[in-house]
K.L.:
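Take this structure, written in C-alpha cells, and hold onto it; I'll ask about it next.
Below, each value reflects all heavy atoms present in this structure, side chains not excepted, and no hydrogens, waters or symmetry copies.
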Amino acid sequence: MKNTEMPVSTPELLLVLCTCPDENTAMQLAQTLVEKRLAACVSFNGAIRSVSVYRWQGEIQQDQEALLMIKTTKNGWAKLEQTLLELHPYDVPEIIAVPISAGSKDYLNWVGENICTD
C-alpha cells in the first residue's frame, strides 16, 4: 500500500539550480558536491537540449548548457555556494536556491541525513 500522507513541508531544504557549459563540467561538479556531502543528490538531464539566452558584456548570447538540480539544506548552502564559485568555469555562474516547500517525507529526510554541515 502506498503512503497516502500529505507531503511534508520542510523549510530547511533547498533545490539549487546551476547551469554549466557542458555535460562534463556538470558531472564533475555533481560528483564533487556529493563527495564533499554538500549535496545529497545532484541531477541533470544530458539528453535534453537546453539553451540559455542572456545578455553578457552588452551582447545577446545563446549557449547550450546543462542544468544541475542540487538538493541540499539551508545549513549547507554557504559551503555549497562557495565550492561552486571556486570550481565553476563561468565568471558569474547562475546559482539560484529555491526552498523546497513540500515533498515525500522519506526522500526529504534522506536529503537532510546526507548533508554534512560541519
Side-chain angles (χ1 to χ4, degrees):
M1 182 176 207
K2 287 190 173 187
N3 184 350
T4 58
E5 292 180 35
M6 291 296 293
V8 173
S9 178
T10 176
E12 69 236 14
L13 298 183
L14 299 174
L15 172 65
V16 179
L17 305 174
C18 180
T19 53
C20 297
D22 54 56
E23 289 182 34
N24 288 337
T25 302
M27 183 58 79
Q28 290 171 351
L29 288 172
Q31 187 77 28
T32 299
L33 295 175
V34 173
E35 283 176 359
K36 292 183 175 225
R37 296 180 61 102
L38 300 173
C41 175
V42 180
S43 306
F44 70 94
N45 296 321
I48 295 174
R49 183 170 181 235
S50 175
V51 178
S52 291
V53 178
Y54 57 97
R55 185 178 304 277
W56 179 250
Q57 298 179 340
E59 300 286 327
I60 301 295
Q61 305 288 326
Q62 287 186 12
D63 292 313
Q64 290 190 16
E65 296 181 303
L67 176 65
L68 295 177
M69 295 167 280
I70 305 161
K71 281 65 92 182
T72 192
T73 62
K74 283 187 179 179
N75 288 339
W77 161 252
K79 287 182 183 177
L80 182 132
E81 181 189 28
Q82 177 184 0
T83 300
L84 284 173
L85 290 171
E86 289 171 2
L87 300 177
H88 204 288
Y90 289 169
D91 291 336
V92 181
E94 174 184 2
I95 306 170
I96 298 171
V98 180
I100 297 175
S101 61
S104 161
K105 179 182 176 182
D106 292 340
Y107 181 78
L108 298 179
N109 286 337
W110 175 82
V111 169
E113 292 167 1
N114 282 281
I115 304 297
C116 181
T117 58
D118 297 340

K.L.:
Kindly list each side-chain donor-acceptor pair under 3.5 angstrom involving residues 107-116, sequence neighbours excluded, with atom names and distances?
P.N.:
unit_1 : atom_1 : unit_2 : atom_2 : d
N109   : ND2    : K105   : O      : 3.3
N114   : ND2    : W110   : O      : 2.8

K.L.:
From T72 OG1 over to L13 CG, what is the distance, rounded to the nearest 0.5 angstrom?
P.N.:
8.5 Å
K.L.:
Check the pair L29 / V42 against side-chain contact (heavy atoms from CB on, under 4.5 Å), numbers first and verdict last.
P.N.:
CA-CA 9 Å; L29 288 172; V42 180; over 6 Å; no
K.L.:
Counting C-beta onward and ignoring hydrogens, is there a side-chain heavy-atom pair between D63 and P21 closer than 4.5 Å?
P.N.:
no
K.L.:
If the condition is side chain to side chain donor-acceptor pair (under 3.5 Å), which residues does Q28 pass it with, not counting sequence neighbours?
P.N.:
none
K.L.:
Out of curiosity, R55 CZ to E59 CD, how far, rounded to the nearest 0.5 Å?
P.N.:
8.5 Å
K.L.:
Determine whether T32 and L38 make a side-chain contact, defined as any pair of heavy atoms from C-beta on separated by less than 4.5 Å.
P.N.:
no
K.L.:
With rounding to the nearest 0.5 Å, note down the distance linking SG in C41 to CG in L33.
P.N.:
11.0 Å
K.L.:
Applying side-chain contact (heavy atoms from CB on, under 4.5 Å), name anything that partners E94, two or more places apart in sequence or on another chain.
P.N.:
T19, I96
K.L.:
Do other residues, nucleotides or ligands put more than 12 heavy atoms under 6.0 Å from M69 CE?
P.N.:
yes
K.L.:
Which residue pairs satisfy the ring-ring contact (aromatic ring centres under 6.0 Å, His included) criterion with at least one member in residues 54-80, sequence neighbours excluded?
P.N.:
none
K.L.:
What is the minimum heavy-atom distance between C20 and L68, and which atoms define it?
P.N.:
SG-CD1, 3.7 Å
K.L.:
Rounded to the nearest 0.5 Å, what's the gap from NZ on K74 to CD1 on I100? Could you check?
P.N.:
11.0 Å
K.L.:
Do you know the tightest heavy-atom contact between I70 and C18?
P.N.:
CD1-CB, 4.3 Å
K.L.:
Under the side chain to side chain donor-acceptor pair (under 3.5 Å) rule, collect the residues that match up with S43, sequence neighbours excluded.
P.N.:
K71
K.L.:
Identify the heavy atoms of L84 and I95 that sit nearest to each other, and give their distance.
P.N.:
CB-CD1, 3.7 Å
K.L.:
To the nearest 0.5 angstrom, please state how far the CD atom of E23 sits from the CD atom of E65.
P.N.:
12.5 Å
K.L.:
If you look only at pairs with a residue in residues 84-104, which of them pass as a ring-ring contact (aromatic ring centres under 6.0 Å, His included), with sequence neighbours excluded?
P.N.:
H88-Y90
K.L.:
Are any non-hydrogen side-chain atoms of T73 and L14 less than 4.5 angstrom apart?
P.N.:
no
K.L.:
Suppose we screen for side chain to side chain donor-acceptor pair (under 3.5 Å). Which residues come up paired with Q62, at least two apart in sequence or across chains?
P.N.:
none
